[in-house]
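Numbering of ligands and ligand atoms starts at 1, following listing order.
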Amino acid sequence: MPTIAHRLKQIYTQIHQAEHTFSRVPNSVQLLAVSKTKPAQAIISAYQAGQRHFGENYVQEALLKQQELSALAITWHFIGPIQSNKTKVLATHFDWVHSVDNLKIAQRLSSQRPNFLPPLNVCVQVNISDETSKSGVTLNDLPELILGISELPNLNLRGVMAIPAPHADFAAQREPYQQLVSAVKALNNPNLTTFSFGMSDDLDAAIAEGSTLVRIGTALFGARRKLL
Ligand SMILES: *Cc1c(COP(=O)(O)O)cnc(C)c1O
């Protein structure tokens, strides 16, 4: 089985190849290593190979790993669904939250962000293409939410995040991302520079459509036992 260091290298090769193929600026796509359900040792392996940004979905699990890895200079991203009773922990222990999809949660994150930390980086999760998913704001409601979040003092609004329904077909993978990017560009908001989309199975389609941050779990750490 290839090592995590080896797979990390392969993923960077794939990212750089896709940047080239789709005429993206070299090194304009960042890799977020999604380590949910994986042990701290897996994170250490990726860290030793140069990876610094890690994404987690479950608060309790993330806190345990953060404690174990507190000596490492990791930037922690939260990418899972947000329960309102977890906002204080998120505001205290993460550098980024990608899954903000309503103003109440955003207000709580802002008011609970400790003063000794810089503003919390946030992305708005947008629900594109998938009626079955309850997470994410609709494209219709996106402009109003963006305006509301922009007024919160302890949040730094960075961009948008999306998890479209899976498709095997390349053109079908590109379509929702294309929709999202054109909707965001139409807002003309200079703060919205992070496009957090693309996972192990649709990395190339995401980069083709303008992703600036791909969130990769399986291709880096191997299959997960639990779903999600
Ligand atoms: C699990 C997860 C990923 C990573 O998915 P893979 O298919 O394993 O690369 C990315 N983003 C979110 C929000 C996830 O929950």
Using a 4.0 Å cut-off to any heavy atom of [X], which atoms of ligand 1 qualify?
| X | value |
| --- | --- |
| Ile79 | 11 (N), 12 (C), 13 (C), 14 (C) |
| Ile216 | 9 (O) |
| Ile163 | 13 (C) |
| Thr218 | 6 (P), 7 (O), 8 (O), 9 (O) |

Are any of the N/O atoms on Met199, whether in the backbone or the side chain, positioned under 3.5 angstrom from an N/O atom of ligand 1?
no

Run the salt-bridge test on Lys65 and Glu56 with the 4.0 Å N-O cut-off and return the result as yes or no.
yes

If you count every heavy atom of other residues, nucleotides or ligands that lies below 6.0 Å from Asn102 atom CG, does the total exceed 12?
yes

How does the hydrophobic cluster around Trp96 look, that is, which other residues are in it when side-chain heavy atoms under 4.5 Å mark a link?
none

Is there a path of hydrophobic side-chain contacts, each under 4.5 Å between heavy atoms of I/L/V/M/F/W/Y residues, joining Ile44 to Ile216?
yes

Please confirm whether Arg224 comes under 4.0 Å of ligand 1, counting heavy atoms of the residue only.
yes

Under 4.0 Å, heavy atoms only, figure out whether ligand 1 is touched by the backbone of Asp201, its side chain, both or neither.
neither

Hey, is Asn57 touching ligand 1 through its side chain, its backbone, both or neither, going by heavy atoms under 4.0 Å?
side chain

Side chains of His53 and Gln30 only: does a donor on one sit below 3.5 Å from an acceptor on the other?
yes

Result block: side-chain N/O donor-acceptor pairs under 3.5 angstrom for residues 156-169, not counting sequence neighbours:
{"from": "Asn156", "atom 1": "ND2", "to": "Asn121", "atom 2": "OD1", "distance (Å)": "3.3"}
{"from": "Arg158", "atom 1": "NH1", "to": "Asn121", "atom 2": "OD1", "distance (Å)": "2.9"}
{"from": "Asp169", "atom 1": "OD2", "to": "Ala171", "atom 2": "N", "distance (Å)": "3.4"}
{"from": "Asp169", "atom 1": "OD2", "to": "Ala172", "atom 2": "N", "distance (Å)": "3.0"}

